[in-house]
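Every heavy atom of this structure was used, including side-chain atoms; hydrogens, water molecules and symmetry mates were not. Note that the structure is predicted; figures quoted are calculated from it, not measured. Naming: A, B, ... by sequence-line order, numbering from 1 per chain.
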Protein chains: 2
Amino acid sequence: MAKLSDVAKKAGVSVTTVSRVINNYGSLSEKTKNAVFTAMHELNYQPNSLARSLQGKQTKLVGVIFPSITNPFYAELIADIEDKLFKNGYKVILCNANENAEKELSYLRMLTANQVDGIIVGTHSNEIKEYQTMDLPVVSFDRTLGTKIPTISSDNFQGAQLATQELVDSGANNIYFIGKTHLGSAKNPTDLREKGFAKTLEQNSLKPHYLDLDNDLSNNIKKMKIRDFLTNTPTVDGIFTSDDFTALLVMEVAQSLKIDVPKNLKVIGFDGTQLIQSFHPELSTIAQPIQDIAELLIGTLDERINQHKEFENAKLVLPNRLIKSNSTQK
Amino acid sequence: MAKLSDVAKKAGVSVTTVSRVINNYGSLSEKTKNAVFTAMHELNYQPNSLARSLQGKQTKLVGVIFPSITNPFYAELIADIEDKLFKNGYKVILCNANENAEKELSYLRMLTANQVDGIIVGTHSNEIKEYQTMDLPVVSFDRTLGTKIPTISSDNFQGAQLATQELVDSGANNIYFIGKTHLGSAKNPTDLREKGFAKTLEQNSLKPHYLDLDNDLSNNIKKMKIRDFLTNTPTVDGIFTSDDFTALLVMEVAQSLKIDVPKNLKVIGFDGTQLIQSFHPELSTIAQPIQDIAELLIGTLDERINQHKEFENAKLVLPNRLIKSNSTQK
DNA sequence: TTGAAAGCGCTAACAT
DNA sequence: ATGTTAGCGCTTTCAA
């Protein structure tokens with residue numbers, strides 16, 4: 001691998017000069033510039049970014065930590081983040097935390113050891129205190145990590161309101177929320193979906209009902225629980241699920257039980273990924289603004305990295321959008 | 001950020017000694033070891049991997065280049081790769097090539113500039129010659145990049161045979177392949193699916209039929225083409241698609257046309273991702289051994305990186321597995 | 001068992 | 001307009 005001094009020798013100049021033309025600063029004559037450029041080409045020279053960063057230059061590396069990459073919502077968000085970061089000259093170190101706090105912590109150390117310029121986190125383990133004490137720029141998606149760390153999210157409360165109101169408007173009276181319920185705690189921004197649900201029903205003088213369904217359960221067990229529920233609760237006529245997957249499961253089970261969706265049961269999900277929308281356009285859902293989220297995450301991180309902007313209890317919230325489709329048809 | 005010399009000062013030893021305990025070599029007395037460890041803890045010391053790698057040490061960074069991360073097949077493969085690399089102490093630089101040769105090339109430069117220890121590629125642009133001239137360990141998924149670069153893939157030919165035979169066995173006679181067809185060229189390993197299809201039908205004295213469907217088309221256009229095809233080709237009774245997505249589209253369109261699957265039309269896909277299997281268990285498909293592929297990719301890369309093993313025209317092929325389900329029921 | 005010092009490839013202050 | 005040189009934080013010979 002050719003290095004700076006090789007280029008310098010070949011071009012008949014000093015290393016400084018080569019460094020200058022690479023970084024394009026100071027005064028250079030056209031002649032030397034050209035000499036250096038040709039030397040660089042001939043040697044197929046690539047600057048070693050390790051050596052560069054060692055002087056305090058940015059590494060242009062950003063750690064991106066998410067709980068899963070196979071979940072289409074995260075996949076689409078990560079894809080957007082990667083693409084936008086690339087356009088800004090950054091590379092992504094992908095950290096798939098896998099709901100594993102130990103792995104996440106280990107990644108955190110690796111990232112600081114690698115001198116990343118910043119970190120984008122979207123995981124949900126609350127055990128990791130390190131984020132607060134790190135002096136690295138961090139931005140978070142949908143999770144409160146500390147007062148200094150800005151949190152970007154979509155408006156889960158408003159989204160849930162949209163969804164619930166859609167169920168009411170389509171004629172449902174006996175409406176259930178299906179998902180992981182944390183009635184009361186609301187540490188997780190996502191719990192706001194529950195609150196928005198309850199609030200909207202209250203405003204419509206209806207009673208909220210819940211079916212707790214842990215996210216960690218296997219699909220088969222979820223299906224079984226949903227089947228159980230639907231069989232024993234013939235009164236239910238509207239369901240708001242915590243995510244599109246669960247909504248799909250509900251629709252599948254309903255079909256197998258010959259329950260007509262949307263005639264006898266309205267269903268609405270949450271997330272609105274392109275993947276699920278393209279294969280199940282019949283599903284009404286709340287679409288999170290994935291592109292905007294990615295943009296805001298990166299914009300905010302950029303402000304922290306390049307303008308050293310400080311944040312204090314910043315919660316940046318983007319509006320959600322209702323996708324009205326067949327599963328909530330009147 | 002504390003550095004080696006800080007630790008040395010605090011522990012009352014030289015930097016050499018600290019370096020020795022970090023890397024655990026040379027002879028150290030227990031006493032100094034302990035002194036250094038406590039100093040490290042107190043300062044919350046993290047070695048700077050940039051400085052380390054500058055001496056020629058490995059960066060423990062691997063570039064992972066794929067055409068898409070939102071496609072569940074790649075998402076699941078990347079997730080497996082990431083997890084296994086992590087267990088081996090490597091970090092992943094995620095490169096989403098997006099079917100964009102320019103971006104891919106640019107990433108390639110970035111990766112070499114960052115001194116990655118190796119690269120795993122799964123993209124399909126044939127324009128990039130750089131792979132062959134790089135002296136970096138590269139392994140490829142499902143794509144021939146050059147004689148020195150080992151190619152790992154599942155057995156597309158055998159998979160297609162399994163799929164096609166399943167259609168025949170379930171009683172279909174008038175069988176179509178739907179997907180991007182490249183009749184004859186077979187540069188892409190994936191084209192072997194077409195060959196396996198043709199071969200199997202020949203063995204069963206049946207004639208192969210094709211519906212060319214470009215992957216780049218939007219879902220709506222694909223659906224339209226499929227609808228057209230099914231409407232105008234009432235004789236078709238078996239369909240093998242190039243991937244599960246297309247199979248799902250076929251089933252959706254068939255349903256809307258009141259064509260009974262599997263009674264009047266057998267359908268089988270390819271890929272067998274967990275995601276699609278969990279939401280469409282009724283789809284028969286060929287499951288690629290994603291975990292094994294990931295393992296083999298990493299194992300091979302590891303041989304190249306750490307044992308400097310050379311490969312010449314290596315094609316490592318893993319068997320596929322038939323998932324027999326409702327869509328090909330007799 | 002420990003330390004001094006050279007140097008990895010680059011940048012940037014300081015000279016000229 | 002160009003060059004000399006001192007580091008960045010670490011590893012590693014070589015010497016003690």
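Below 30°, between 30° and 60°, or above 60°: for B/Tyr74 and B/Phe141 the angle between ring planes is above 60°, a perpendicular geometry.
DNA chain D is contacted by B/Leu4, B/Thr16 of residues 4-18 of chain B, taking any non-hydrogen atom closer than 4.0 Å. Scanning residues 29-45 of chain B for heavy-atom distances under 4.0 Å to DNA chain D yields B/Tyr45. Residues of residues 53-61 of chain B that place a heavy atom closer than 4.0 Å to DNA chain C, in numerical order, are B/Leu54, B/Gln55.
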*Take B/Tyr90 and B/Leu301 through the test side chain to side chain contact (heavy atoms under 4.5 Å, CB included) and record every step on the way to the result.*
CA-CA 12 Å; B/Tyr90 287 95; B/Leu301 187 64; over 6 Å; no

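Considering only residues two or more places apart in sequence or on other chains, B/Lys33 meets the salt bridge (charged side-chain N to carboxylate O under 4.0 Å, His left out) condition with B/Glu30. Considering only residues two or more places apart in sequence or on other chains, B/Ser154 meets the side chain to side chain contact (heavy atoms under 4.5 Å, CB included) condition with B/Asn156, B/Gln288, B/Pro289, B/Ile293, B/Asn320.
The nucleotide whose nearest atom lies closest to any side-chain atom of A/Ser19 is, among D/dC10, C/dT11, C/dA13, C/dT11.
Formation of a donor-acceptor pair under 3.5 Å by the A/Ser106 side chain with backbone atoms of A/Glu102 is not found in this model. Using modelled atom types, no side-chain atom of A/Asp117 and backbone atom of A/Val62 make a donor-acceptor pair closer than 3.5 Å.
Put simply, A/Arg52 has no side-chain N or O that comes within less than 4.0 Å of OP1 or OP2 on C/dC10.
Scanning both residues, A/Ile65 and A/Leu111, for their nearest heavy atoms gives CD1-CD1, 4.0 Å.
Salt-bridge annotation for B/Lys10 and B/Asp6: absent, with no side-chain N of the basic residue lying under 4.0 Å from a carboxylate O of the acidic one.
Atom-to-atom, CG of B/Asn48 to C1' of D/dT11 comes out at 13 Å; the value is rounded to the nearest Å. The separation between B/Arg20 atom CZ and D/dT11 atom C1' is 10 Å, rounded to whole Å.
Side-chain contact, A/Ser19 with A/Thr16: no donor N or O sits under 3.5 Å from an acceptor N or O.
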Could you pull out every donor-acceptor pair under 3.5 Å between side chains of residues 128-138 of chain A and any protein atom, sequence neighbours left out?
from, atom 1, to, atom 2, distance (Å)
A/Tyr131, OH, A/Glu104, OE2, 2.6
A/Gln132, NE2, A/Leu145, O, 3.2
A/Thr133, OG1, A/Glu130, O, 3.1

